[in-house]
Amino acid sequence: RTTLSALASEPVQTELWDNPTTPIPHTRIGQGADLIVVAPATARLLAAYRMGLTTDLLTNTLIATRAPVLVCPAMHTEMWEHPSVVENMAVLRARGVHVVEPESGRLAGGDVGAGRLADPSTIVDAVERLLGPHDLAGVSVVVSAGGTREPIDAVRVIANRSSGKQGYAVAAEAASRGAAVTLVSTVTLPVPSGVEVVAVETAEQMLRAMTELAADRDVIVMSAAVADFRPEVVADGKLKKREGTPEIVLEPTPDIVAGLGAAKRDDQVLVGFAAETNDLVANATEKLRAKRLDLVVANDVSAPHVGFAHDTNAVTLLRPDAEPVEIDLASKREVARAVIDAIVDIRNQH
Ligand code: CTP
């Protein structure tokens with residue numbers, strides 16, 4: 001209790017009676033909350049909450065609040081799938097209770113299955129979504145993330161160093177601000193709460209997915225590192241050593257974002273990235289013009305802690321007819337926030 005109080009910089013409260021901070025904790029805590037998060041939410045807690053059964057400080061607080069409530073269930077698979085729990089969850093959802101679904105994974109006692117408490121980062125995403133500004137409410141967004149992989153033969157690919165983290169951060173930030181978000185992704189990272197993922201691997205698959213999805217989206221963010229070249233011929237099966245060193249002839253891939261720029265409607269916002277190692281602003285400004293973008297997020301991928309695979313980034317935001325805006329080294333989520341701020345600003349000026 002002392003440890004948790006110290007970590008939270010708030011007193012931990014467990015007592016319904018003899019509470020040191022207020023004589024009526026069962027109403028005061030719920031009244032003062034902006035959001036209540038129950039993590040983990042057990043089968044018993046969900047049943048009590050559904051029935052309005054107030055037996056302790058937590059259930060009292062839940063019944064005495066008008067704040068939004070987020071429950072994060074965690075229990076064994078058999079319990080999670082039991083009709084009573086399924087019904088309690090349906091009733092709570094129908095009442096507007098927010099839910100972060102449990103994940104599949106290791107459970108107590110070494111069992112494996114659905115019911116494991118969601119990853120803390122997923123819960124934090126959901127909290128930010130509920131508390132943050134909703135300046136993208138009603139707006140649809142598609143974001144591409146990760147590097148494409150272009151097959152050489154049945155087992156080998158041409159890949160690049162992109163981790164997809166910046167694209168996932170943009171998707172998470174857009175969702176937390178109320179947008180309906182689809183991620184077209186080549187990588188497997190924790191999926192931000194409320195985001196739909198379409199898995200792709202090659203530039204060709206990404207082209208098809210992005211072209212189809214972009215047609216009816218308000219905002220398109222192309223943060224994927226698309227291979228510029230792919231093998232002209234993909235060998236059947238595995239190339240064998242005994243057949244000698246292969247000569248791999250490359251051909252250019254389609255420029256996805258340039259195609260989206262050519263098809264762009266006036267009410268759409270199209271955002272591209274620019275990975276540069278020199279003449280950052282000049283090269284990125286040229287991409288802004290040539291690809292008909294509304295915003296370019298340019299990063300110097302040769303600088304320390306910037307770009308590929310890092311958790312941090314430093315970027316310059318470029319727009320037509322506006323001064324460049326520099327975002328100094330920050331987490332990819334903070335960079336995503338600046339990108340979304342710029343998108344909101346562009347939409348306001350349309
Ligand atoms: N891009 C794309 N399709 C490609 C290549 C790039 O849609 N085949 C997009 C990227 O997702 C990014 C933007 O174009 O939003 C700029 O990518 P970048 O790699 O910086 O530039 P390129 O256009 O590939 O030019 P260069 O490699 O010569 O710098």
Side-chain angles (χ1 to χ4, degrees), residues 141-151 157-171 174 182-187 198 200-215 217 219-232 250-264 268-303 306-310 313-320 324 327 332 335-336 338-340 342-343 346:
V141 177
V142 57
V143 181
S144 69
T148 64
R149 286 183 294 276
E150 310 300 330
V157 295
I158 296 178
N160 63 61
R161 294 185 194 281
S162 168
S163 64
K165 288 178 184 171
Q166 186 62 73
Y168 272 66
V170 169
T182 307
L183 243 178
V184 175
S185 171
T186 64
V187 294
V198 176
V200 296
E201 184 171 8
T202 63
E204 190 60 37
Q205 290 166 356
M206 186 168 277
L207 170 73
R208 285 207 208 112
M210 288 303 288
T211 307
E212 190 191 322
L213 289 164
R217 301 298 152 117
V219 176
I220 305 149
V221 182
M222 194 68 202
S223 64
V226 186
D228 288 324
F229 309 103
R230 65 185 166 208
E232 205 170 53
L250 301 177
E251 65 177 8
T253 56
D255 191 320
I256 302 172
V257 82
L260 299 176
K264 184 177 69 168
Q268 288 181 310
V269 177
L270 180 60
V271 181
F273 276 63
E276 307 293 348
T277 50
N278 50 346
D279 297 330
L280 179 89
V281 171
N283 282 331
T285 304
E286 176 52 21
K287 286 176 189 170
L288 187 71
R289 189 198 58 75
K291 303 188 190 211
R292 295 191 68 229
L293 306 175
D294 299 289
L295 174 68
V296 165
V297 184
N299 49 13
D300 175 354
V301 287
S302 64
V306 170
F308 294 144
H310 295 293
N313 210 351
V315 302
T316 306
L317 302 183
L318 297 162
R319 284 159 64 172
I327 314 293
K332 286 192 169 170
V335 170
V339 171
I340 297 294
I343 291 171
I346 293 166

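Just so you know, ligand 1 is whichever comes first in the structure, and atom 1 is the first atom listed for that ligand. Values below: all heavy atoms of this structure, side chains included; hydrogens, waters and symmetry mates excluded. Here, residue 1 is the first one in the sequence, and each next residue gets the next number.
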After noting the C-alpha distance and the side-chain angles of V143 and V141, does the key distance pass the side chain to side chain contact (heavy atoms under 4.5 Å, CB included) rule? CA-CA 7 Å; V143 181; V141 177; 3.8 Å; yes
Check whether any protein heavy atom sits under 4.0 Å from atom 7 (O) of ligand 1.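 There is a protein heavy atom less than 4.0 Å from atom 7 (O) of ligand 1.
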Counting only heavy atoms on the protein side, is anything nearer than 4.0 Å to atom 21 (O) of ligand 1?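 Yes, there is one.
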Shortest protein contact, [atom] (heavy atom only):
atom                    : result
atom 23 (O) of ligand 1 : K291 NZ, 2.4 Å
atom 17 (O) of ligand 1 : F273 O, 3.7 Å
atom 18 (P) of ligand 1 : K287 NZ, 3.5 Å

Would you say CD of E212 has more than 12 non-hydrogen atoms from neighbouring residues, nucleotides or ligands within 6.0 angstrom? no
The option among V296, D255, D228 carrying the non-hydrogen atom nearest to atom 2 (C) of ligand 1 is D255
Shortest reach to atom 4 (C) of ligand 1 by a heavy atom, considering only V226, V301, L288: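 Residue with the shortest heavy-atom distance to the ligand atom: V226.
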Among V281, L293, V297, which one satisfies side chain to side chain contact (heavy atoms under 4.5 Å, CB included) with L318?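 That would be V281.
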Modelled atom types, side-chain donor and acceptor of [X] and [Y], under 3.5 Å:
X    : Y    : answer
S185 : Y168 : yes
R217 : T182 : yes
E276 : N299 : no

Out of curiosity, is A227 lining ligand 1, as in a heavy atom under 4.0 Å away?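 The answer is yes: ligand 1 sits under 4.0 Å from a heavy atom of A227.
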Within the structure, is a non-hydrogen atom of A274 found at a distance of less than 4.0 Å from ligand 1?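 Within the 4.0 Å threshold, so yes.
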Would you mind running through ligand 1 and noting each atom that sits below 4.0 Å from a heavy atom of [X]?
X    : result
T253 : 8 (N)
A224 : 10 (C), 11 (O)
P254 : 3 (N), 4 (C), 8 (N)
V257 : 2 (C), 7 (O), 9 (C), 14 (O)
G272 : 15 (O)

If we only count heavy atoms from C-beta on, is the L288 to E286 side-chain gap below 4.5 Å? no
Do I220 and L270 come close enough that some side-chain heavy atom pair is under 4.5 Å? yes
Does an N or O from M222, backbone or side chain, lie closer than 3.5 Å to an N or O of ligand 1?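 Yes: some nitrogen or oxygen of M222 is under 3.5 Å from one in ligand 1.
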Nitrogen or oxygen of I256 less than 3.5 angstrom from that of ligand 1: yes
Do D255 and K291 meet the salt-bridge criterion of a basic N to acidic O distance under 4.0 Å?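 Salt bridge flag = yes for D255 with K291.
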Kindly indicate, with the supporting measurements, whether the criterion side chain to side chain contact (heavy atoms under 4.5 Å, CB included) is fulfilled by D294 and V271. CA-CA 6 Å; D294 299 289; V271 181; 5.8 Å; no
